[in-house]
Undergrad: 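Got a structure for you, questions after.
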Amino acid sequence: KSPGPDFEGVISGHYDRYNTWGLTGILNTPVVKDKLFVRAMLNYEESDGFVKNVNPAGGRSDFQLTNMKLAARWLVTEKFTVDLSTYIMREVSDGLPFFPENKTLVDHDLPLSQQNDTNIFNLRMTYEADGFQIHSVTGYIDTRRKYKDELDFTSQSLITQDILDTASSWSEELRVQSTNDGPVEWTFGGLYAEDRSDIDHAVRAGTDGFFGLPNGFPIDLVLEDNKTKSWAVFGQATWHLDQLSLTAGGRYSHDKVIEA
């Protein structure tokens, strides 16, 4: 929901089994009357989980999740509007597969742990001219995933796995479109984007030896560094006749991909 001129707030919560609980708060408020509005949301949830690791290493299938969103709308003039929003997510969790004979207990020397982080930013600007609109949309996202567990799923340290994935992307789109009531509707614009991803996966022998391999011996290693740059131009026009509409459009895209 976009920020608006009215002041409002909401607080809600819940509680469930396995000490699962959460809180959500929402606040919308005007900062400058009829000019600047802000809307904020904060959500937090956590749980102990219903799976317990009986191994001395400990651990449960617990998690903590935090979501935050902040948005602002600025009515610069009657014809010029700016919308800015950001979204942040943090997740920390432990995952534990089951014994075949039960649903709540496991015996693993290295319980799974993972952390996921996401950041999203968006900027939209709109200008209302006579007979047409100009739109600018700027976006950015970055993600980070850290993952560690064992692959033997036993109480012995035989095979371990470490994963670290990061990615980021930003883009800019500029678009002009008609708003008049004439027989021809049209739109044209351009787009530029850059994407990058880094992958670091490692499967190694554990401390108890996997087929006699020493501790930390690399079994499978994956390292990747990928980059993409893209740009495009596009356009479309529709001619409305009495009982017929004719539409023509086109797009040209260019991508440059670098993999290492």
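All residue numbers in this chain count up from 1 along the given sequence.
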Undergrad: What I'd like to find out is whether the side chain of L75 reaches to under 4.5 Å of the side chain of D34, using heavy atoms alone.
TA: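 No; the side chains remain at least 4.5 Å from each other.
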
Undergrad: Inspect the contact between R144 and D142 and indicate whether a charged nitrogen and a carboxylate oxygen are less than 4.0 angstrom apart.
TA: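 Between R144 and D142 there is no salt bridge, as every charged N stays at least 4.0 Å from the carboxylate O atoms.
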
Undergrad: Taking atom types as modelled, is there a side-chain donor on Y87 or N67 under 3.5 Å from an acceptor on the other?
TA: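 N67 and Y87 do have a side-chain donor-acceptor pair below 3.5 Å.
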
Undergrad: Would you call R145-D165 a salt bridge at under 4.0 Å N-O?
TA: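 Salt bridge between R145 and D165, a charged N being under 4.0 Å from a carboxylate O: yes.
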
Undergrad: For E150 and S157, which I'm curious about, is there any donor-acceptor pair between the side chains at under 3.5 Å?
TA: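 No donor-acceptor contact under 3.5 Å links the two side chains.
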
Undergrad: Mind checking what makes side chain to side chain donor-acceptor pair (under 3.5 Å) contact with R204, not counting sequence neighbours?
TA: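 Testing R204 for side chain to side chain donor-acceptor pair (under 3.5 Å), a comparison that skips the adjacent residues, returns none.
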
Undergrad: Looking at K79 and D130, does any basic side-chain N land under 4.0 Å from a carboxylate oxygen?
TA: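 Salt bridge present between K79 and D130.
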
Undergrad: Checking side chain to side chain contact (heavy atoms under 4.5 Å, CB included) against N122, which of L84, T86, V137 comes through?
TA: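 Passing option: V137.
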
Undergrad: If you take the centroid of each ring, where Trp contributes its six-membered ring, are W170 and F121 closer together than 6.0 Å?
TA: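 No, the ring of F121 stays outside the 6.0 Å limit from the ring of W170, centre to centre.
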
Undergrad: Does K256 come within less than 4.0 Å of E194, counting only side-chain N to carboxylate O?
TA: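 Judged by the 4.0 Å cut-off on N to carboxylate O distance, K256 and E194 do not form a salt bridge.
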
Undergrad: My understanding is that only one of N226, T228, D225 makes a side chain to side chain contact (heavy atoms under 4.5 Å, CB included) with R196; could you say which?
TA: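 Passing option: D225.
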
Undergrad: Can we say K146 and D162 salt-bridge, meaning some charged N sits less than 4.0 Å from an Asp/Glu carboxylate O?
TA: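 The answer is no: the pair does not qualify as a salt bridge.
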
